[in-house]
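Below is one structure, written out as structure tokens; comments come after it.
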Amino acid sequence: MYRLLVVDDEMIIADGLYEVLSNLPQLELDVYKAYSGDEAVRQFERTRFDIVLTDIRMPGLDGLQLLDKIRERWPSCRVIFLTGHNEFSYIYSAFQYEGVSYLLKTEGYEKVIQMVEQAVMDIETELKAEALLQKAQEQLDATRELLQKDYIKGILNEQLGVQEINQKQFDELAIPLQADGPVLIMLGRVNSFASGLTYATKSRQLYRIRLIANQYLSARVSYVDVVNESMDPIWLIQPLQGSSGEEGWHRTMTFMKGSLELIQSACRESLGEVLSFVLDDSPVVWTGVAERFSMLNMLMNYRIGQGCGMLLLDKHMIEQELQPSGDGQREKSLVRHAKLGLLADQLEYGQRAEFRAALLECAAALADIDSMHHIPAQELYYSIGLVFMSYMNRWNLVETVAARIGLHKLMQPGEHESWKLAFDYLIHVGDMLFSLQSQEEERRARHVITVIQKHVQEHLHDPDEISLVRLAELVYFNPSYLSRLFKQVTGTNLSEYISSSRMTRAKRLLENSDAKIQDVAELVGYGTATNFTRSFRKATHMTPQEYRASMLNK
């Protein structure tokens with residue numbers, strides 16, 4: 001789904017274009033409108049736009065000045081100017097930019113639709129371009145790059161002392177960040193990596209993903225990227241040098257939120273990979289990076305719905321829910337060896353089949369052991385029990401699980417008559433935890449959708465409050481993921497739900513009141529009776545007056 005903004009100081013033109021472009025199901029556009037250049041700039045501060053259709057002569061900020069603002073914030077945005085016959089020489093200078101075209105106001109809606117369709121095709125072609133995969137970063141020395149990555153991972157894993165994090169080290173390792181300023185953390189995950197790809201395949205895909213990310217990020221932010229032990233890409237980000245004040249950080253956050261959707265789309269189109277991202281909601285000083293990164297790891301595993309391609313932007317959404325009761329503190333997980341670490345990761349990532357297979361492998365290793373006092377067997381049992389206990393403690397599930405199964409056996413292998421029964425018990429506990437995971441994911445998804453539906457019903461009269469960007473802000477998602485989640489949970493597109501809700505409310509008003517058609521139009525968010533009548537006829541095959549008359553006859 002691409003976002004399009006219509007800008008025109010004549011309300012009748014802006015409203016007409018908005019209605020026409022909002023009803024193009026083949027393009028699935030998310031359409032917005034602004035009645036001045038200054039209002040459009042305020043929209044740019046909230047979110048990224050892919051296409052802007054704007055009048056060139058407007059009071060205040062005109063079209064050419066608006067183009068400069070667009071290029072400053074969203075360089076890849078396509079701009080279509082609406083011009084008069086005698087204005088071509090006026091906009092000639094604008095054509096030095098790529099992605100700029102013009103359209104005569106006299107050419108009608110069909111030509112507008114053609115131009116928008118062409119802009120969408122150009123965007124999709126750019127996303128698929130092989131050139132994104134061919135821009136290798138050969139300027140860095142291989143050895144220095146390796147040292148750089150180890151140094152950054154040392155910071156993330158809290159393996160470096162405070163005195164080792166300084167500008168001298170950054171400069172020697174060619175890290176393009178400032179040690180005396182805060183840093184923004186972003187964590188990514190490639191969904192296909194859970195399906196058992198080889199290390200070489202994963203490495204190649206990660207390299208290509210880094211190239212794509214660099215294509216979108218390098219012009220507007222400073223960053224360094226690494227890959228952790230779980231093959232998750234990580235970015236540490238700062239504004240470009242000279243723009244690190246409050247305004248610089250605000251623009252950086254806005255730019256990152258919008259650009260990550262493009263990176264996700266480019267990776268999906270060019271590589272066939274679905275990426276999920278967690279972007280921190282505020283920068284952190286370097287000494288707090290390790291603790292903040294640990295929180296982002298939890299947030300990445302805080303799946304809602306199926307979690308594919310998600311982009312979460314606010315860690316506070318889980319901090320309150322995960323607060324333990326009373327004054328207790330959550331225990332940090334203790335990974336004793338590779339098998340324990342693998343089990344812990346599979347439980348966290350929701351890999352139910354792989355987790356069960358690993359448990360069965362452990363059980364098979366103990367098949368010939370009769371004594372319940374066998375020390376290595378007890379060590380393995382305790383280790384798996386610790387994985388369960390750590391997981392339940394972190395996610396505040398101890399009381400829930402204890403009410404369903406006897407937890408006293410979890411750390412007492414002697415409570416079982418044989419190792420087979422002991423591991424049957426562990427498998428049962430694991431199955432219960434995965435079932436709770438699934439139930440929680442569904443509950444979170446239903447809660448999000450309920451919040452969205454309630455807000456839509458309460459604000460049908462206000463188009464700004466039920467725009468996709470505004471609804472996404474309510475639940476701290478990016479707009480594209482919210483749109484996919486709504487369709488996943490309800491089976492209906494969000495835009496269809498809003499249109500249906502408007503029609504339902506309009507019918508009720510027409511049936512049960514003598515309100516004027518203009519009043520009904522305003523109450524359901526259409527603004528003018530003309531726009532309302534056009535949409536109502538398309539949905540019901542009759543005008544509002546005809547519908548009211550038919551209800552009176554009945």
Side-chain angles (χ1 to χ4, degrees), residues 1-5 24-32 44 46-52 70 73-79 98-99 116-135 186-193 205-221 223 225 232-233 235 237 253-279 300 305-313 467-469 471-472 477-488 493-495:
M1 178 176 287
Y2 299 103
R3 282 194 282 282
L4 182 148
L5 178 64
L24 298 176
Q26 73 275 21
L27 295 182
E28 294 187 355
L29 294 171
D30 186 20
V31 185
Y32 299 78
F44 299 150
R46 292 181 63 191
T47 188
R48 185 199 83 252
F49 284 93
D50 303 291
I51 304 170
V52 173
I70 294 172
R73 289 165 173 78
W74 306 110
S76 60
C77 180
R78 305 278 167 168
V79 178
E98 293 184 6
V116 172
E117 287 177 337
Q118 184 60 51
V120 170
M121 291 174 59
D122 291 343
I123 293 170
E124 292 179 343
T125 299
E126 186 174 292
L127 289 175
K128 296 177 182 178
E130 289 295 326
L132 289 175
L133 307 178
Q134 298 173 351
K135 295 186 176 181
M186 181 174 74
L187 174 63
R189 178 160 297 160
V190 187
N191 293 55
S192 68
F193 284 5
Q205 290 295 75
L206 283 171
Y207 181 69
R208 293 165 180 163
I209 289 167
R210 289 171 57 198
L211 292 182
I212 290 174
N214 178 66
Q215 174 73 18
Y216 287 98
L217 302 183
S218 58
R220 297 296 175 188
V221 296
Y223 72 94
D225 60 320
D232 291 334
W235 288 263
I237 301 157
M253 293 293 299
T254 304
F255 174 76
M256 289 300 302
K257 292 175 184 178
S259 296
L260 290 186
E261 294 182 64
L262 294 177
I263 295 172
Q264 286 178 318
S265 297
C267 289
R268 187 181 296 111
E269 296 291 340
S270 299
L271 305 178
E273 294 287 5
V274 177
L275 269 70
S276 295
F277 287 105
V278 172
L279 177 66
M300 175 62 82
Q306 294 180 355
C308 293
M310 70 178 179
L311 198 163
L312 297 181
L313 309 172
S467 69
L468 183 56
V469 169
L471 295 175
F477 286 166
N478 70 313
S480 298
Y481 182 65
L482 175 61
S483 180
R484 292 196 298 272
L485 179 66
F486 194 94
K487 178 65 177 291
Q488 172 190 317
N493 290 327
L494 181 53
S495 58

Check your understanding: Between Val190 and Leu206, is a side chain to side chain contact (heavy atoms under 4.5 Å, CB included) present by the stated rule, with each step listed?
Key -> CA-CA 8 Å; Val190 187; Leu206 283 171; 4.1 Å; yes
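- Legend: residues meeting side chain to side chain contact (heavy atoms under 4.5 Å, CB included) with Glu117, ordered by chain and number and at least two apart, are Gln26, Leu27, Ile113.
- The line from SG of Cys267 to CD of Gln205 is 9.0 Å long, rounded to the nearest 0.5 Å.
- Every residue meeting the side chain to side chain contact (heavy atoms under 4.5 Å, CB included) condition with Met186, not counting sequence neighbours, appears here in chain and number order: Trp235, Ile237, Met256, Leu260, Phe277, Leu279.
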Point to revise | From CA spacing to verdict: side chain to side chain contact (heavy atoms under 4.5 Å, CB included), Cys77, Val52 | key: CA-CA 7 Å; Cys77 180; Val52 173; 3.7 Å; yes
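- No side-chain heavy atom of Leu4 sits under 4.5 Å from any side-chain heavy atom of Tyr32.
- Between the Gln264 side chain and the Leu275 main chain, a donor and an acceptor come within less than 3.5 Å of each other.
- Interatomic distance, Leu271 CG to Leu211 CG, rounded to the nearest 0.5 Å: 9.5 Å.
- Rounded to the nearest 0.5 Å, atoms OG1 (Thr47) and CG (Leu468) are 8.5 Å apart.
- Residues Leu24 and Val31 are not in side-chain contact: their nearest non-hydrogen atoms beyond the backbone lie 4.5 Å or more apart.
- Of the possible donor and acceptor atoms, one in the side chain of Thr125 sits under 3.5 Å from a partner among the backbone N and O of Met121.
- In this structure, the side chains of Ser192 and Val274 stay at 4.5 Å or more apart for every pair of heavy atoms.
- Between Phe49 and Tyr2, the ring center distance fails the sub-6.0 Å criterion.
- The OG atom of Ser467 lies 5.5 Å from the CZ atom of Arg46; values are rounded to the nearest 0.5 Å.
- Salt bridge annotation for Arg3-Glu261: present, with a cationic side-chain nitrogen under 4.0 angstrom from a carboxylate oxygen.
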Review point. Which is it for Asn214 and Asp225 under the side chain to side chain contact (heavy atoms under 4.5 Å, CB included) test, yes or no, and what are the steps along the way?
Key: CA-CA 10 Å; Asn214 178 66; Asp225 60 320; over 6 Å; no
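- Side-chain contact check for Trp74 versus Thr254: some heavy-atom pair is nearer than 4.5 Å.
- The side chain to side chain donor-acceptor pair (under 3.5 Å) search around Glu269 returns none, not counting sequence neighbours.
- Using a 4.5 Å heavy-atom cutoff, the side chains of Leu217 and Ile263 are in contact.
- The CD atom of Glu273 sits 5.5 Å away from the CD1 atom of Ile209 when rounded to the nearest 0.5 Å.
- Between Ile70 atom CD1 and Leu5 atom CG the span is 7.5 Å, to the nearest 0.5 Å.
- Here the side chains of Pro233 and Arg210 are not in contact, with every heavy-atom distance at 4.5 Å or above.
- With sequence neighbours left out, Arg73 forms a side chain to side chain contact (heavy atoms under 4.5 Å, CB included) with Val41, Phe44, Glu45, Lys69, Arg251.
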Practice item. Start with the C-alpha gap between Phe486 and Asn493, add the side-chain angles, then the distance that decides, and say whether side chain to side chain contact (heavy atoms under 4.5 Å, CB included) holds. Key: CA-CA 7 Å; Phe486 194 94; Asn493 290 327; over 6 Å; no
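- Under the 4.5 Å side-chain criterion, counting only non-hydrogen atoms from C-beta, Leu471 is in contact with Leu494.
- Taking each heavy atom of Ser276 and Met300 in turn, the nearest pair found is O-CE, 3.7 Å.
- Residues Val278 and Arg189 have side chains not in contact (no heavy-atom distance under 4.5 Å, counting atoms from C-beta outward).
- Partners of Asp30 according to the salt bridge (Lys or Arg N to Asp or Glu O under 4.0 Å) rule, which considers only residues two or more places apart in sequence or in another chain, do not exist here.
- The side chain to side chain donor-acceptor pair (under 3.5 Å) test applied to Arg78 returns Glu126, not counting sequence neighbours.
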